[in-house]
Amino acid sequence: MDEINDPSSQPLDEAPELSLQQFEEEGFQHVNNPIVGMKPIVKKYLTAIKDYVQKDNSFYFSDGEARVEVRVVSDEIIRIRLAPHGVFLDEFSYAVEKPAQRVTVFSFKEDEDNYRVLTNTVTCVISKKDFLISFVDNHEFVVSQDAFPMHWEENTEFGGYYIYCTKQARADESFYGLGDKTTDFNLRGKRLVNWNSDTYSFARHQDPLYRTIPFYLGITNNTSYGIFFDNTFKSQFDFAQEQRDKTSFWADGGELQYYYIHGPHMMDVVKRYHTLTGTHPMPPLWALGFHQCRWSYYPESKVKNIAKNFRDRKIPCDAIYLDIDYMDGYRCFTWNKKYFPDPKRMIKELADDGFKLVVIIDPGIKVDDNYWVFKEGKEKKYFCRRCDDYLMEGYVWPGRCQFPDFTNPEVRDWWGTLFKELTDVGVAGVWNDMNEPAVFGTGTFPVDVRHDYDGHHCSHRKGHNVYGMQMVRATYEGLKKNQKNKRPFTITRAGYSGVQRYSSVWTGDNVATWEHLKLGIIQCTRLSVSGIPFCGTDIGGFSGEPDGELFTRWIQFGVFTPFMRAHSAGDTKEREPWSFGPELEAINRKFIELRYRLLPYIYSTFWEHHKYGFPILRPVMMVEQEETSNHYRENEFTFGDKILVCPVTDYGARKKVVYLLKGDWYNYWTHELLQGGREITVDAPLDSMPIFVKAGSVIPESPLMQYVGEIDVDELMFQIYYSSYEVNSFYYEDHGDTFAYEQDIYLEKKFVVNGDATSMTIRQSIEGLFTPRYETYDLKLICLPFNPSRVIIDGKDYTGSLEVDNLQRVRIKTSKNFRYIQVLA
Ligand code: MIG
């Protein structure tokens, strides 16, 4: 469909060959074909503004028929809504729980040509003559500007409107976001669709995929902004593709409603997007460990054998997954008793060995009157229906199925209770698959399926893209209730903006190729800037056979994905970290161990996300948007703000060109000090990968464990990298698996490192109410540019050894409560 029509080339009041008036006057009898006189369906555009009213923080402008609401949401966020006939839809969104109603100072101005709604940071200008909307920053820079007035077109298929918004795209403008699209990282020149789809073995550039995140970021003139188009219908985005100076977004129905989110830095935009859609809750600490999955591990002896291999081979692992075959005929919430005669005992035995069990649950419920879940759902009328009231039936793994309407709050509550038996036997986490929803043969539900949509009844046109999110929400909330105050662990394939409040996400059925390893970096960094922080790929590639080198390189990348899970399809060879011979097993072990050493850092980074809305992964362009040469980089990213990595993604590669961000960095392996702001070539033998640590970082390190909680830490270790300028670091800790952090039962420690040619200082400040069991710190001071002769801790001379080891480290022990350390030449 050609959505970009220049309204000026087309009279707004169309003149059909025979006007309606003529048609009526002349009467029916003269017209052989009554269609001739009918107005064709055309796009309608907003016309000149006739009046406006203000109500609280909203301004309503009207062109006589259509109305537009401009609402000040916060200093930096303004929401726009369009009602073609003057009547707005009910305020309801699955993405935005309550459009943040922070009281902000704003004002309103009117001059001859424009209305202006001003906050402290952004001005929304609405032109009287043609209803064009633009957003201007405090430097009078027009960040975003309508190219045409908002427009719409009747969608006769179901009675609503296609709705469109077209903005100008500047020649220098780049675009990011939209979730895990497998196309280039910079979306300029792309047109993309959102319609959640089961896309087994998806390809580069394939679209749509499993999730709908209608949020993008633009950057022009070093100024970033975001547009969140909160519309769950099938939506499309054109980033200067059809016309190189225009960017459009549109949907098949629903309301044209979007949030303009001001920057000027990309990081600000993402953080503010999270104030609307929420952040990920703190995961249980074990969920940040290594997870081993496969389609499928069964029977019990196989699961036990996998677990034993991990422990015997001393490869750390926290979770093992059961895919669909654990169930009785794929009936959710049942067990195949032949394969798993006593789940409770098995799970207990696994737990004794430090393993958590995660099980899959799909949305399709087998039509079977002897199956309690089906019976209950049927009696209570919880399954989706077609428009003619037939039940929505389709084939999935269990055979003929019906599907709960997760957009009904009562159904979500019921669904939550179904997990009771699973949690009672000790299942620790739940994996929601097939929730696009996927149906064999037809792909998904027909659009006439009805949904409750929390009381705002609608068809599948509107319900489709949120189905999976509401399923995993029901799962998360059910687990939370059943597991009392413990943090649930959930993972989902489908989702919509805001799904991060309920679940982690994996990128679905990728392929065991080097191209997919590269795509994995793009997908995970793109998910991160799109508000989905806890994400990962199927390590090794789901379908197809990786060779050992690909698997090992993928494990290396996996260490630096927030969610780290190896998974493989049922028709592939065994695929565990030891499957490719002892040499590669040793490398895989080394990297999984690295993940475990970094866990306290990873956990602290997660806290920065949860509490402050920072993404966990940050593509270099996000950290350094001012360098336009970064706008097309898609290989390097930072994990948190202290560690920069560049996974090796080519067969046989033993060197890698890496762009190092500005500032001083240390090579993680050699401690070589490197000046950033340039590309460097790094050695990358198979047992290594490019990892750099920012100068001045204080990186907490865990003693090596085979699983989270194996060892009680009685001394905390930190690696402290010398810096000649001031650098802040944060460390976070808490119970690791409860919600006590919501009552401030946690510790947030801040370290400030600084140095010059003959000294280095470290300050610590501590906030929060958690009491850890350890008393002391083991600090490794790395790369001091001088030989230390004296260390003073809170005014007292340190008496231990100050020897420098072969990696240029000096080790000192302190109390956990130190405030100030001076290291002197
Ligand atoms: O139709 O449960 O993406 O991870 O192993 C395939 C079996 C269903 C698709 C998931 C994949 C999972 C598989 N599932």
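Count residues from 1 along the sequence. Each ligand, and each atom within it, is numbered from 1 in the order the structure gives. From a predicted model like this one, the values you see are computed outputs, not experimental measurements.
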- For Asn635 and Thr649, test the side chains for any donor-to-acceptor distance below 3.5 angstrom and give the result as yes or no. no
- May I ask you to check whether Tyr453 and Thr232 show a side-chain donor-acceptor distance below 3.5 Å? yes
Please identify which atoms of ligand 1 are closer than 4.0 Å to at least one heavy atom of [X].
| X | value |
| --- | --- |
| Phe542 | 4 (O), 5 (O), 11 (C) |
| Met434 | 1 (O), 8 (C) |
| Ile324 | 2 (O) |
| Trp506 | 3 (O), 4 (O), 10 (C) |

Measure from the ring center of [X] to the ring center of [Y] and say whether it is less than 6.0 Å.
| X | Y | answer |
| --- | --- | --- |
| Phe534 | His609 | no |
| Phe290 | Tyr596 | no |
| Tyr467 | Phe403 | no |

Looking only at protein heavy atoms, which one is nearest to [atom], and how far off is it?
| atom | result |
| --- | --- |
| atom 12 (C) of ligand 1 | Asp323 OD2, 3.4 Å |
| atom 13 (C) of ligand 1 | Asp433 OD2, 3.7 Å |
| atom 3 (O) of ligand 1 | Asp509 OD1, 2.5 Å |

Angle class for the [X]/[Y] ring planes (parallel below 30°, perpendicular above 60°, tilted otherwise)?
| X | Y | result |
| --- | --- | --- |
| Tyr496 | Phe228 | tilted |
| Phe606 | His280 | perpendicular |
| Tyr321 | His291 | tilted |

- Message: Could you work out, for atom 6 (C) of ligand 1, the closest of Trp397, Tyr210, Tyr200 by heavy-atom distance?
- Response: Trp397
- Consider ligand 1: state whether an atom of it lies below 4.0 angstrom from any non-hydrogen atom of Tyr321. no
- With a 4.0 Å heavy-atom cut-off (strictly under), which part of Ile360 contacts ligand 1: side chain, backbone, both or neither? side chain
- Item | Sub-3.5 Å N/O-N/O distance, His567 and ligand 1 | yes
